[in-house]
Protein chains: 2
Amino acid sequence: MRRNSQSEHDPGGTKERIQHVALELFVLHGYEKTSLREISDRLGITKAALYYHYASKQELLKSVTQPLIDEFELLVAGDPDPETLLRSYVDLLHRHQAVFQLVANDHASLAAAELVERSVKLRRDVVRRLAGPEPQPADYIRAAAAFGAISQGFMLARRVEPAADPALPDVEATAEKAAETAAGLPAPADYPEGAELTRILMDTALAVLRSGS
Amino acid sequence: MRRNSQSEHDPGGTKERIQHVALELFVLHGYEKTSLREISDRLGITKAALYYHYASKQELLKSVTQPLIDEFELLVAGDPDPETLLRSYVDLLHRHQAVFQLVANDHASLAAAELVERSVKLRRDVVRRLAGPEPQPADYIRAAAAFGAISQGFMLARRVEPAADPALPDVEATAEKAAETAAGLPAPADYPEGAELTRILMDTALAVLRSGS
DNA sequence: GTCTATAAACCGATAGAC
DNA sequence: GTCTATCGGTTTATAGAC
(Lines give C-alpha, C1' and ligand atoms only; values in the text may rest on other atoms or scores of the structure.)
Protein backbone atom coordinates (compact mmCIF):
# COMPACT_ATOMS: atom_id res chain seq x y z
CA MET A 1 0.00 0.00 0.00
CA ARG A 2 1.20 3.51 -0.66
CA ARG A 3 -0.47 5.66 1.93
CA ASN A 4 -3.17 5.48 4.52
CA SER A 5 -5.80 7.95 3.45
CA GLN A 6 -6.78 9.00 6.96
CA SER A 7 -4.91 10.47 9.89
CA GLU A 8 -1.48 9.90 8.39
CA HIS A 9 0.86 12.62 9.53
CA ASP A 10 2.47 13.23 6.16
CA PRO A 11 3.36 16.88 6.63
CA GLY A 12 3.31 17.58 2.91
CA GLY A 13 -0.21 16.24 2.46
CA THR A 14 -2.66 18.92 1.39
CA LYS A 15 -5.32 17.79 3.84
CA GLU A 16 -2.86 18.02 6.70
CA ARG A 17 -1.66 21.44 5.64
CA ILE A 18 -5.26 22.62 5.53
CA GLN A 19 -5.90 21.26 9.02
CA HIS A 20 -2.79 22.93 10.36
CA VAL A 21 -3.61 26.36 8.97
CA ALA A 22 -7.27 26.07 9.92
CA LEU A 23 -6.45 25.14 13.50
CA GLU A 24 -4.07 28.06 13.85
CA LEU A 25 -6.64 30.54 12.58
CA PHE A 26 -9.47 28.98 14.60
CA VAL A 27 -7.39 29.37 17.78
CA LEU A 28 -6.45 32.93 16.91
CA HIS A 29 -9.77 34.38 15.80
CA GLY A 30 -12.31 31.75 16.76
CA TYR A 31 -14.18 29.35 14.50
CA GLU A 32 -17.03 31.62 13.46
CA LYS A 33 -14.80 34.56 12.69
CA THR A 34 -12.47 32.51 10.51
CA SER A 35 -13.63 32.36 6.90
CA LEU A 36 -12.66 29.72 4.39
CA ARG A 37 -11.25 32.50 2.23
CA GLU A 38 -8.80 33.35 5.01
CA ILE A 39 -7.66 29.75 5.20
CA SER A 40 -7.31 29.28 1.47
CA ASP A 41 -5.48 32.58 1.05
CA ARG A 42 -2.85 31.54 3.54
CA LEU A 43 -2.41 28.25 1.72
CA GLY A 44 -2.07 29.94 -1.64
CA ILE A 45 -5.11 28.19 -3.08
CA THR A 46 -8.70 29.21 -3.68
CA LYS A 47 -11.68 28.68 -1.47
CA ALA A 48 -13.19 26.25 -3.94
CA ALA A 49 -10.14 24.01 -3.74
CA LEU A 50 -10.84 23.52 -0.05
CA TYR A 51 -14.09 21.83 -0.96
CA TYR A 52 -12.25 19.17 -2.85
CA HIS A 53 -10.67 18.06 0.42
CA TYR A 54 -13.45 18.81 2.92
CA ALA A 55 -17.17 18.76 2.21
CA SER A 56 -17.88 21.73 4.49
CA LYS A 57 -16.36 24.09 7.00
CA GLN A 58 -17.96 22.01 9.73
CA GLU A 59 -16.29 18.84 8.47
CA LEU A 60 -12.93 20.56 8.47
CA LEU A 61 -13.51 21.63 12.06
CA LYS A 62 -14.58 18.13 13.05
CA SER A 63 -11.49 16.59 11.51
CA VAL A 64 -9.40 18.94 13.63
CA THR A 65 -11.19 18.41 16.94
CA GLN A 66 -11.89 14.69 16.71
CA PRO A 67 -8.47 13.33 17.72
CA LEU A 68 -8.56 15.14 21.06
CA ILE A 69 -12.10 14.19 21.99
CA ASP A 70 -11.71 10.59 20.85
CA GLU A 71 -8.57 10.10 22.87
CA PHE A 72 -10.07 11.80 25.90
CA GLU A 73 -13.06 9.48 25.81
CA LEU A 74 -10.83 6.45 25.47
CA LEU A 75 -8.87 7.65 28.47
CA VAL A 76 -11.90 8.17 30.68
CA ALA A 77 -13.49 4.91 29.57
CA GLY A 78 -10.56 3.09 31.19
CA ASP A 79 -11.94 4.04 34.61
CA PRO A 80 -8.58 5.10 36.00
CA ASP A 81 -8.03 6.17 39.61
CA PRO A 82 -7.87 9.96 40.17
CA GLU A 83 -4.09 10.25 40.06
CA THR A 84 -3.78 8.17 36.88
CA LEU A 85 -6.62 10.11 35.29
CA LEU A 86 -4.97 13.45 36.04
CA ARG A 87 -1.59 12.27 34.80
CA SER A 88 -3.06 10.95 31.57
CA TYR A 89 -4.95 14.21 31.15
CA VAL A 90 -1.76 16.27 31.37
CA ASP A 91 -0.21 13.95 28.82
CA LEU A 92 -3.24 14.46 26.59
CA LEU A 93 -2.87 18.22 26.87
CA HIS A 94 0.78 17.95 25.86
CA ARG A 95 -0.12 16.11 22.67
CA HIS A 96 -3.12 18.26 21.73
CA GLN A 97 -2.24 21.72 23.01
CA ALA A 98 -3.65 23.73 20.15
CA VAL A 99 -6.91 21.83 19.82
CA PHE A 100 -7.41 22.02 23.56
CA GLN A 101 -6.83 25.75 23.48
CA LEU A 102 -9.42 26.03 20.72
CA VAL A 103 -12.24 24.15 22.40
CA ALA A 104 -11.45 25.57 25.84
CA ASN A 105 -11.66 29.19 24.69
CA ASP A 106 -14.26 28.98 21.96
CA HIS A 107 -17.42 27.16 22.92
CA ALA A 108 -18.87 28.12 19.57
CA SER A 109 -16.42 25.72 17.97
CA LEU A 110 -17.51 22.95 20.31
CA ALA A 111 -21.11 23.59 19.34
CA ALA A 112 -20.31 23.76 15.63
CA ALA A 113 -18.48 20.44 15.84
CA GLU A 114 -21.51 18.95 17.59
CA LEU A 115 -19.31 18.04 20.49
CA VAL A 116 -21.19 19.76 23.31
CA GLU A 117 -22.90 16.62 24.50
CA ARG A 118 -19.76 14.51 24.43
CA SER A 119 -17.67 17.14 26.18
CA VAL A 120 -20.31 17.71 28.86
CA LYS A 121 -20.40 13.98 29.44
CA LEU A 122 -16.61 13.82 29.59
CA ARG A 123 -16.47 16.64 32.10
CA ARG A 124 -19.15 14.96 34.19
CA ASP A 125 -17.27 11.65 34.22
CA VAL A 126 -13.99 13.31 35.11
CA VAL A 127 -15.52 15.33 37.93
CA ARG A 128 -17.31 12.29 39.27
CA ARG A 129 -14.15 10.24 39.30
CA LEU A 130 -12.17 12.99 41.00
CA ALA A 131 -14.88 13.62 43.58
CA GLY A 132 -14.23 10.27 45.23
CA PRO A 133 -16.72 7.82 46.80
CA GLU A 134 -19.98 9.13 48.29
CA PRO A 135 -19.17 12.71 47.39
CA GLN A 136 -20.71 15.78 48.99
CA PRO A 137 -21.56 18.75 46.75
CA ALA A 138 -18.35 20.39 47.97
CA ASP A 139 -16.37 17.41 46.68
CA TYR A 140 -17.68 18.02 43.18
CA ILE A 141 -16.58 21.64 43.43
CA ARG A 142 -13.11 20.58 44.51
CA ALA A 143 -12.98 18.08 41.65
CA ALA A 144 -13.87 20.77 39.12
CA ALA A 145 -11.34 23.09 40.74
CA ALA A 146 -8.59 20.47 40.46
CA PHE A 147 -9.46 19.96 36.82
CA GLY A 148 -9.40 23.72 36.25
CA ALA A 149 -6.09 24.11 38.05
CA ILE A 150 -4.37 21.67 35.72
CA SER A 151 -6.00 23.07 32.61
CA GLN A 152 -5.25 26.71 33.35
CA GLY A 153 -1.79 26.02 34.72
CA PHE A 154 -0.94 24.08 31.61
CA MET A 155 -2.26 26.80 29.35
CA LEU A 156 -0.07 29.42 30.96
CA ALA A 157 3.04 27.31 30.36
CA ARG A 158 2.22 25.88 26.98
CA ARG A 159 0.10 28.53 25.31
CA VAL A 160 0.09 28.46 21.51
CA GLU A 161 1.15 31.89 20.32
CA PRO A 162 0.57 33.37 16.90
CA ALA A 163 3.21 31.94 14.58
CA ALA A 164 5.78 34.54 13.62
CA ASP A 165 5.57 33.69 9.97
CA PRO A 166 8.33 35.65 8.27
CA ALA A 167 7.02 34.83 4.83
CA LEU A 168 3.80 36.73 5.35
CA PRO A 169 3.26 40.20 6.83
CA ASP A 170 0.82 38.65 9.32
CA VAL A 171 -0.71 42.02 9.96
CA GLU A 172 -3.62 41.04 12.10
CA ALA A 173 -1.68 39.06 14.67
CA THR A 174 0.70 41.84 15.63
CA ALA A 175 -1.40 43.32 18.40
CA GLU A 176 -2.18 39.99 20.03
CA LYS A 177 1.40 38.81 19.98
CA ALA A 178 2.76 42.01 21.45
CA ALA A 179 0.13 42.02 24.15
CA GLU A 180 0.84 38.48 25.31
CA THR A 181 4.59 37.98 25.04
CA ALA A 182 5.73 41.38 26.24
CA ALA A 183 3.26 41.23 29.10
CA GLY A 184 5.86 40.81 31.79
CA LEU A 185 5.39 37.10 32.38
CA PRO A 186 7.87 34.44 31.32
CA ALA A 187 7.44 33.26 27.74
CA PRO A 188 6.19 29.70 27.21
CA ALA A 189 9.74 28.58 26.42
CA ASP A 190 10.90 29.59 29.91
CA TYR A 191 8.56 27.29 31.80
CA PRO A 192 9.34 23.73 32.79
CA GLU A 193 8.08 21.13 30.35
CA GLY A 194 7.46 17.43 30.08
CA ALA A 195 7.85 15.44 33.28
CA GLU A 196 8.72 18.46 35.41
CA LEU A 197 5.67 20.40 34.27
CA THR A 198 3.54 17.33 34.82
CA ARG A 199 4.82 17.02 38.37
CA ILE A 200 4.03 20.64 39.21
CA LEU A 201 0.52 20.40 37.79
CA MET A 202 -0.15 17.07 39.51
CA ASP A 203 0.87 18.63 42.82
CA THR A 204 -1.58 21.50 42.36
CA ALA A 205 -4.48 19.20 41.49
CA LEU A 206 -3.80 16.75 44.30
CA ALA A 207 -3.51 19.65 46.75
CA VAL A 208 -6.95 20.83 45.66
CA LEU A 209 -8.49 17.40 46.10
CA ARG A 210 -6.95 17.13 49.57
CA SER A 211 -8.11 20.61 50.58
CA GLY A 212 -11.40 19.20 51.85
CA SER A 213 -9.90 16.93 54.49
CA MET B 1 -33.89 64.00 39.22
CA ARG B 2 -35.97 61.26 37.62
CA ARG B 3 -33.52 58.65 36.49
CA ASN B 4 -29.84 58.15 35.95
CA SER B 5 -29.43 57.40 32.27
CA GLN B 6 -26.60 54.94 32.72
CA SER B 7 -26.21 51.69 34.61
CA GLU B 8 -29.45 52.07 36.54
CA HIS B 9 -30.92 48.66 37.21
CA ASP B 10 -34.50 49.54 36.33
CA PRO B 11 -35.68 46.12 35.22
CA GLY B 12 -38.43 47.52 33.03
CA GLY B 13 -36.08 49.75 31.06
CA THR B 14 -35.81 48.76 27.42
CA LYS B 15 -32.03 49.11 27.37
CA GLU B 16 -31.73 46.80 30.35
CA ARG B 17 -34.10 44.27 28.84
CA ILE B 18 -32.01 44.25 25.67
CA GLN B 19 -28.82 43.74 27.67
CA HIS B 20 -30.39 40.88 29.59
CA VAL B 21 -31.60 39.02 26.53
CA ALA B 22 -28.41 39.71 24.60
CA LEU B 23 -26.24 38.41 27.44
CA GLU B 24 -28.29 35.25 27.70
CA LEU B 25 -28.00 34.53 23.98
CA PHE B 26 -24.32 35.47 23.86
CA VAL B 27 -23.60 32.99 26.64
CA LEU B 28 -25.68 30.30 24.96
CA HIS B 29 -24.51 30.55 21.36
CA GLY B 30 -21.53 32.86 21.48
CA TYR B 31 -21.30 36.46 20.37
CA GLU B 32 -20.61 35.88 16.68
CA LYS B 33 -23.34 33.29 16.26
CA THR B 34 -25.98 35.48 17.90
CA SER B 35 -27.69 37.75 15.39
CA LEU B 36 -29.49 40.97 16.21
CA ARG B 37 -32.59 39.44 14.69
CA GLU B 38 -32.49 36.67 17.30
CA ILE B 39 -32.26 39.23 20.09
CA SER B 40 -35.02 41.46 18.75
CA ASP B 41 -37.32 38.51 18.05
CA ARG B 42 -37.10 37.40 21.66
CA LEU B 43 -37.91 40.92 22.82
CA GLY B 44 -40.87 41.18 20.49
CA ILE B 45 -39.43 44.13 18.61
CA THR B 46 -37.66 44.52 15.29
CA LYS B 47 -33.98 44.58 14.58
CA ALA B 48 -34.14 48.24 13.62
CA ALA B 49 -35.55 49.18 17.02
CA LEU B 50 -32.37 47.87 18.60
CA TYR B 51 -30.44 50.58 16.83
CA TYR B 52 -32.39 53.27 18.62
CA HIS B 53 -30.87 52.03 21.90
CA TYR B 54 -27.44 50.86 20.77
CA ALA B 55 -25.41 52.24 17.88
CA SER B 56 -24.04 48.82 16.93
CA LYS B 57 -23.86 45.19 17.94
CA GLN B 58 -20.40 45.87 19.28
CA GLU B 59 -21.64 48.68 21.51
CA LEU B 60 -24.31 46.41 22.92
CA LEU B 61 -21.65 43.83 23.72
CA LYS B 62 -19.43 46.43 25.33
CA SER B 63 -22.23 47.71 27.53
CA VAL B 64 -22.72 44.16 28.77
CA THR B 65 -19.07 43.33 29.44
CA GLN B 66 -17.89 46.65 30.81
CA PRO B 67 -19.17 46.37 34.39
CA LEU B 68 -17.19 43.18 35.00
CA ILE B 69 -13.93 44.36 33.50
CA ASP B 70 -14.12 47.78 35.13
CA GLU B 71 -14.70 46.35 38.55
CA PHE B 72 -12.00 43.74 38.09
CA GLU B 73 -9.47 46.42 37.21
CA LEU B 74 -10.49 48.51 40.19
CA LEU B 75 -10.04 45.48 42.39
CA VAL B 76 -6.56 44.64 41.10
CA ALA B 77 -5.47 48.28 41.18
CA GLY B 78 -5.89 48.16 44.94
CA ASP B 79 -2.79 45.94 45.15
CA PRO B 80 -4.35 43.51 47.61
CA ASP B 81 -2.48 40.63 49.19
CA PRO B 82 -3.12 37.20 47.57
CA GLU B 83 -5.82 36.10 49.99
CA THR B 84 -7.73 39.37 49.75
CA LEU B 85 -7.39 39.33 45.98
CA LEU B 86 -8.79 35.82 45.73
CA ARG B 87 -11.66 36.58 48.09
CA SER B 88 -12.59 39.72 46.18
CA TYR B 89 -12.40 37.75 42.95
CA VAL B 90 -14.89 35.19 44.18
CA ASP B 91 -17.16 38.02 45.23
CA LEU B 92 -16.79 39.53 41.77
CA LEU B 93 -17.76 36.22 40.18
CA HIS B 94 -20.86 36.07 42.35
CA ARG B 95 -22.01 39.46 41.13
CA HIS B 96 -21.18 38.94 37.44
CA GLN B 97 -21.72 35.23 36.86
CA ALA B 98 -23.19 35.41 33.40
CA VAL B 99 -20.77 37.97 31.99
CA PHE B 100 -17.87 36.00 33.39
CA GLN B 101 -19.21 32.85 31.79
CA LEU B 102 -19.42 34.69 28.49
CA VAL B 103 -15.90 36.07 28.37
CA ALA B 104 -14.38 32.92 29.87
CA ASN B 105 -15.89 30.61 27.28
CA ASP B 106 -16.00 32.84 24.24
CA HIS B 107 -12.76 34.64 23.53
CA ALA B 108 -14.29 35.96 20.34
CA SER B 109 -16.52 38.15 22.48
CA LEU B 110 -13.51 39.49 24.32
CA ALA B 111 -11.90 40.38 21.02
CA ALA B 112 -15.06 41.97 19.65
CA ALA B 113 -15.38 44.09 22.78
CA GLU B 114 -11.76 45.17 22.31
CA LEU B 115 -11.01 43.84 25.75
CA VAL B 116 -8.18 41.45 24.90
CA GLU B 117 -5.43 43.79 25.97
CA ARG B 118 -7.10 44.76 29.23
CA SER B 119 -7.93 41.17 30.15
CA VAL B 120 -4.42 39.97 29.32
CA LYS B 121 -3.06 42.70 31.53
CA LEU B 122 -5.48 41.79 34.30
CA ARG B 123 -4.51 38.16 34.14
CA ARG B 124 -0.85 39.08 34.18
CA ASP B 125 -1.28 41.28 37.25
CA VAL B 126 -3.30 38.65 39.10
CA VAL B 127 -0.80 35.89 38.33
CA ARG B 128 2.09 38.13 39.36
CA ARG B 129 0.48 38.99 42.65
CA LEU B 130 -0.35 35.36 43.40
CA ALA B 131 3.13 34.15 42.45
CA GLY B 132 4.65 35.85 45.48
CA PRO B 133 8.02 37.61 45.82
CA GLU B 134 10.93 36.58 43.57
CA PRO B 135 8.89 33.92 41.81
CA GLN B 136 10.30 30.96 39.90
CA PRO B 137 8.57 29.93 36.65
CA ALA B 138 6.85 27.18 38.61
CA ASP B 139 5.35 29.80 40.93
CA TYR B 140 3.66 31.46 37.99
CA ILE B 141 2.20 28.13 36.96
CA ARG B 142 0.85 27.57 40.47
CA ALA B 143 -0.60 31.06 40.45
CA ALA B 144 -2.43 30.43 37.19
CA ALA B 145 -3.56 27.07 38.52
CA ALA B 146 -4.98 28.68 41.67
CA PHE B 147 -6.81 31.21 39.56
CA GLY B 148 -8.15 28.44 37.34
CA ALA B 149 -9.23 26.36 40.32
CA ILE B 150 -11.41 29.16 41.66
CA SER B 151 -12.83 30.04 38.26
CA GLN B 152 -13.70 26.51 37.24
CA GLY B 153 -14.92 25.50 40.67
CA PHE B 154 -17.19 28.49 40.75
CA MET B 155 -18.52 27.80 37.29
CA LEU B 156 -19.53 24.28 38.23
CA ALA B 157 -21.53 25.54 41.19
CA ARG B 158 -23.00 28.69 39.70
CA ARG B 159 -23.35 27.89 36.02
CA VAL B 160 -25.95 29.90 34.13
CA GLU B 161 -28.29 27.46 32.46
CA PRO B 162 -30.59 28.16 29.54
CA ALA B 163 -33.69 29.85 30.92
CA ALA B 164 -36.72 27.58 30.78
CA ASP B 165 -38.90 30.25 29.25
CA PRO B 166 -42.44 28.82 29.22
CA ALA B 167 -43.72 31.64 27.01
CA LEU B 168 -41.61 30.61 24.05
CA PRO B 169 -41.05 27.17 22.55
CA ASP B 170 -37.28 27.73 22.95
CA VAL B 171 -36.58 24.99 20.49
CA GLU B 172 -32.86 25.40 20.10
CA ALA B 173 -32.01 25.19 23.79
CA THR B 174 -33.62 21.81 24.42
CA ALA B 175 -30.60 19.69 23.66
CA GLU B 176 -28.20 21.79 25.71
CA LYS B 177 -30.46 21.90 28.73
CA ALA B 178 -31.09 18.19 28.76
CA ALA B 179 -27.41 17.44 28.34
CA GLU B 180 -26.32 19.62 31.22
CA THR B 181 -28.94 19.25 33.92
CA ALA B 182 -29.65 15.56 33.56
CA ALA B 183 -25.96 14.84 33.41
CA GLY B 184 -25.76 13.13 36.77
CA LEU B 185 -24.14 15.95 38.68
CA PRO B 186 -25.90 18.05 41.30
CA ALA B 187 -27.79 21.02 39.86
CA PRO B 188 -26.45 24.49 40.62
CA ALA B 189 -29.11 24.95 43.28
CA ASP B 190 -27.73 21.99 45.25
CA TYR B 191 -24.27 23.46 45.76
CA PRO B 192 -23.23 25.64 48.67
CA GLU B 193 -23.44 29.34 47.96
CA GLY B 194 -22.30 32.65 49.34
CA ALA B 195 -19.85 32.50 52.22
CA GLU B 196 -19.71 28.70 52.28
CA LEU B 197 -18.91 28.47 48.57
CA THR B 198 -16.33 31.20 48.99
CA ARG B 199 -14.66 29.27 51.79
CA ILE B 200 -14.42 26.08 49.73
CA LEU B 201 -12.98 27.88 46.73
CA MET B 202 -10.53 29.85 48.86
CA ASP B 203 -9.28 26.60 50.37
CA THR B 204 -8.64 25.10 46.93
CA ALA B 205 -6.73 28.15 45.71
CA LEU B 206 -4.63 28.51 48.83
CA ALA B 207 -3.84 24.79 48.71
CA VAL B 208 -2.57 25.24 45.16
CA LEU B 209 -0.38 28.16 46.11
CA ARG B 210 1.07 26.20 49.01
CA SER B 211 1.68 23.10 46.87
CA GLY B 212 5.14 24.37 45.97
CA SER B 213 6.53 24.47 49.48
C1' DG C 1 -6.60 19.09 -7.81
C1' DT C 2 -7.24 23.68 -8.70
C1' DC C 3 -9.49 27.31 -11.13
C1' DT C 4 -13.39 31.10 -12.37
C1' DA C 5 -17.90 32.38 -11.71
C1' DT C 6 -21.96 32.51 -9.35
C1' DA C 7 -25.88 31.15 -6.57
C1' DA C 8 -28.42 31.67 -2.26
C1' DA C 9 -28.71 33.13 2.29
C1' DC C 10 -27.75 35.97 6.03
C1' DC C 11 -25.72 39.75 8.37
C1' DG C 12 -25.08 44.52 10.29
C1' DA C 13 -26.59 48.86 9.49
C1' DT C 14 -29.38 52.92 7.54
C1' DA C 15 -33.41 55.78 5.66
C1' DG C 16 -37.51 57.52 6.43
C1' DA C 17 -42.54 57.08 7.73
C1' DC C 18 -45.50 57.10 11.74
C1' DG D 1 -39.63 54.47 20.21
C1' DT D 2 -40.89 51.27 16.81
C1' DC D 3 -41.97 50.17 12.20
C1' DT D 4 -41.15 48.69 6.90
C1' DA D 5 -38.00 48.44 3.37
C1' DT D 6 -33.66 48.08 1.62
C1' DC D 7 -28.58 48.63 0.85
C1' DG D 8 -24.08 46.79 0.68
C1' DG D 9 -21.21 43.39 2.05
C1' DT D 10 -19.72 38.79 3.35
C1' DT D 11 -20.37 34.04 3.90
C1' DT D 12 -20.81 29.01 2.73
C1' DA D 13 -21.31 26.25 -0.93
C1' DT D 14 -21.86 24.61 -5.90
C1' DA D 15 -21.26 24.22 -11.16
C1' DG D 16 -18.40 23.41 -14.61
C1' DA D 17 -13.95 24.30 -17.30
C1' DC D 18 -9.14 22.88 -17.38
Side-chain angles (χ1 to χ4, degrees), chain A residues 2-6 8 10-23 25-26 28-65 106 108-114 171-172, chain B residues 2-6 8 10-23 25-26 28-65 106 108-114 171-172:
Chain A
R2 313 215 355 255
R3 175 175 308 177
N4 196 330
S5 68
Q6 66 175 4
E8 188 89 8
D10 185 355
T14 308
K15 291 186 84 147
E16 287 76 15
R17 285 179 54 231
I18 294 175
Q19 286 183 337
H20 187 260
V21 168
L23 176 55
L25 292 177
F26 289 165
L28 236 84
H29 313 308
Y31 172 73
E32 296 290 346
K33 255 287 185 183
T34 304
S35 68
L36 295 177
R37 195 189 55 76
E38 233 178 318
I39 297 172
S40 59
D41 277 4
R42 216 178 254 219
L43 286 163
I45 61 177
T46 63
K47 201 177 45 170
L50 249 39
Y51 280 91
Y52 175 83
H53 299 278
Y54 294 94
S56 68
K57 188 186 178 186
Q58 187 192 35
E59 269 220 356
L60 171 55
L61 172 69
K62 284 182 178 175
S63 83
V64 165
T65 54
D106 183 12
S109 72
L110 261 186
E114 295 171 348
V171 186
E172 85 287 338
Chain B
R2 313 210 0 250
R3 175 174 307 176
N4 195 328
S5 67
Q6 64 174 4
E8 188 89 9
D10 184 355
T14 308
K15 291 187 82 149
E16 286 75 17
R17 284 178 57 231
I18 294 174
Q19 285 184 336
H20 187 261
V21 168
L23 176 55
L25 292 177
F26 289 165
L28 237 83
H29 312 308
Y31 172 73
E32 297 290 346
K33 253 289 187 185
T34 304
S35 68
L36 294 176
R37 196 189 55 77
E38 234 179 316
I39 298 173
S40 60
D41 277 5
R42 210 175 263 222
L43 286 162
I45 62 178
T46 63
K47 198 176 50 166
L50 250 38
Y51 280 90
Y52 175 82
H53 300 278
Y54 294 95
S56 67
K57 189 186 177 187
Q58 187 192 34
E59 269 221 357
L60 171 55
L61 172 69
K62 284 183 178 176
S63 83
V64 165
T65 54
D106 182 12
S109 71
L110 262 185
E114 295 171 348
V171 187
E172 86 288 337

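Each chain gets a letter, A, B and so on, in the order the sequences are listed, and its residues count up from 1.
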How close or far is atom [atom2] of [N] from atom [atom1] of [X], stated in whole angstroms?
| X | N | atom1 | atom2 | value |
| --- | --- | --- | --- | --- |
| B:R37 | C:dG12 | CZ | P | 10 Å |
| B:K57 | C:dG12 | NZ | P | 4 Å |
| B:Q58 | C:dG12 | CD | P | 13 Å |
| B:K33 | D:dT12 | NZ | P | 11 Å |
| A:E59 | D:dT12 | CD | C1' | 14 Å |
| B:D41 | D:dT2 | CG | P | 15 Å |
| A:K47 | D:dA15 | NZ | C1' | 14 Å |
| B:E32 | C:dC10 | CD | P | 18 Å |

Salt bridge between B:E114 and B:K62, side-chain N to carboxylate O under 4.0 Å?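 Between B:K62 and B:E114 there is a salt bridge, with a charged N closer than 4.0 Å to a carboxylate O.
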Report the C-alpha distance between A:S40 and A:I45 in whole Å, list the side-chain angles of each, state the deciding distance to 0.1 Å, and finish with yes or no for side chain to side chain contact (heavy atoms under 4.5 Å, CB included). CA-CA 5 Å; A:S40 59; A:I45 61 177; 4.1 Å; yes
Less than 4.0 angstrom between a side-chain N/O of B:Y52 and OP1 or OP2 of D:dT2, yes or no?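 Looking at the OP1 and OP2 atoms of D:dT2, neither is under 4.0 Å from any side-chain N or O of B:Y52.
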Considering every strand and a 4.0 Å limit on heavy-atom distances, what is the contact class for B:T46: base, sugar-phosphate, or nothing?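 The answer is base, as B:T46 lies within the cut-off (heavy atoms under 4.0 Å) of a base atom.
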Tell me what B:T34 touches on the nucleic acid: a base, only sugar-phosphate, or nothing, going by heavy atoms under 4.0 Å. sugar-phosphate
Cation-pi check, A:K57 onto A:Y31 ring (under 6.0 Å, within 45° of axis):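 That pair qualifies as a cation-pi contact.
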Choose from [options] the nucleotide whose nearest atom is closest to any side-chain atom of [X].
| X | options | result |
| --- | --- | --- |
| B:I45 | D:dT2, D:dA13, C:dC11 | D:dT2 |
| A:L36 | D:dC3, D:dT12, C:dC11 | D:dT12 |
| B:S56 | C:dT2, C:dC11, C:dA13 | C:dA13 |
| A:H53 | D:dT12, C:dG1, D:dT2 | C:dG1 |

Considering all heavy atoms, the nearest A:T34-A:L25 contact: OG1-O, 3.2 Å
Crowded around B:H53 NE2? As in, over 12 foreign heavy atoms under 6.0 Å? yes
